[in-house]
Amino acid sequence: MLHKFNVSVLNDYSQRFARKVCDDFFLHNSSASGQHILNLTAIPQINLFVISSLYDKWKADAEAFKSPFFDFENAEVREALKQFMNVVSRNISVKREYLEPILGEATKDTLVLLIDPNSYFNEIFRNQTNFTVTAETIQQLRKYVRFNKIVPQALADSLSDRAFIYVNQAIEWSEQVIAQRASELDSIEQWVGAFSEKVPLDVTSLLKKAARPEPPAPVIEAPAAKSFFDTLVEETPVVQPVKIEEPMVTKPIEMPKPVESFKPTVPLPTVSRPTINDSAGNGLKESLNDRLRTEQSTVSDSYQKQPIASISQNIPLHQKFMFIHQLFSGSNSAYESAIAELEQAPDFATARSLISYKFASQYLWDMTGDTVGELLEIVKRRFGH
């Protein structure tokens, strides 16, 4: 999703920055503790992203303790494991070969978050499982994001008492916050110096260069439009008068003989003209046909809008095949699962959210397409809309 970035340059800078930081730190230290990491660079966001990465690894290690031979759900075991992991967390010790790649990723993430927050949050949300963004995920973002922190804060406020939102909805909300509160975002100019203390930073080199526009084609001016009369005056050749020196002798002009008038040998067919009564009859027939078609259309529309008790039972076989192939990548089980979930929705708002945010994100639907529109119309009838 890093459309704005020259990814190779971004990666190269992040690796060089991490190498330089580690060169300086490990010149006097054999490993990095938690407190060391919190002050590892002059850029707090990089340090927090390193801590966040260690937190993820800490959780993964805790999960690794689980075994099919022991009851790790037992209250005593869970409490003991919690205490043990807390002690472990207070004794962070990271060697250079493990810290440097983590630091490189943290540097890259910080630059993306600072320069293009839309790309950063979109990537975070799209990587969530089950196409949902949980309240816990948002709280973790609030904990570890310092640059442009207005985004996770606004999302946390919008979630209120909800346990999760769908990925597309989280992306939509974050983009709205960034667009509406652009003046509150952190500026890269504030931090260029801190980056450059380790490795000189040229922000423009991290971004893709815009394609150079082609030079405009030369404009050839067309001749001014002229009136028909102007054209006649200009294009009519000028005839020079002929000077007559001697009188001209003219011969009398013989008039042509008159031509006899044409008399047809075959009688012309007579054309019957429609009477007023005939016209009225045709108009009446057309009017009756129009009314019949209108009434049939009205009855059909009225039927299509009647409430239904079941979604699946009101999808004809041909439409079911269309939905399976065009919306669910040809998977009948995916179709059945989605329809069942829509059937169980408590109201139309929930069903519409499932379509707009979960299924659209999962199967990459075009929400303006006719096929999605047909499914939505059936769902509307299920909830009396």
Have a look at F17 and tell me which of T110, L111, T41 forms a side chain to side chain contact (heavy atoms under 4.5 Å, CB included) with it. T41
When you measure from the side chain of S89 to the backbone N and O of N86, does any donor-acceptor pair fall under 3.5 Å? yes
Going by an N to O cut-off under 4.0 Å, is there a salt bridge joining K143 and E136? no
Enumerate donor-acceptor pairs with a distance under 3.5 Å from any side-chain N or O in residues 325-332 to protein atoms, sequence neighbours excluded.
unit_1, atom_1, unit_2, atom_2, d
Q326, OE1, T371, OG1, 2.6
S331, OG, S333, OG, 3.1
S331, OG, A334, N, 3.1

Measure the shortest side-chain to side-chain distance between F147 and I43 over non-hydrogen atoms and say whether it is less than 4.5 angstrom. yes
Can you find a heavy atom in the side chain of L155 that is under 4.5 Å from one in the side chain of F125? yes
Throw together a table of side-chain donor-acceptor distances under 3.5 angstrom for residues 96-105, partners on residues two or more places apart or in other chains.
unit_1, atom_1, unit_2, atom_2, d
R96, NE, E100, OE1, 2.9
R96, NH1, D23, OD1, 3.0
R96, NH2, D23, OD1, 2.7
R96, NH2, E100, OE1, 3.2

Just one of N148, L185, V151 clears the side chain to side chain contact (heavy atoms under 4.5 Å, CB included) bar with V177, so which one? V151
Is R78 close to E73 at the side-chain level, that is, under 4.5 Å between some pair of heavy atoms? yes
Are W191 and L114 packed together at the side-chain level, in the sense that at least one heavy-atom pair is separated by less than 4.5 angstrom? yes
Give the cluster check for L364 versus I324: same hydrophobic cluster or not, with ILVMFWY residues linked at side-chain heavy-atom distances below 4.5 Å. no
Without hydrogens or angle criteria, can the side chains of N11 and S14 be said to hold a donor-acceptor pair below 3.5 Å? no
Which residues share a side chain to side chain donor-acceptor pair (under 3.5 Å) with N168, sequence neighbours left out: S361
Sidechain N-carboxylate O distance under 4.0 Å for K66, E63: yes
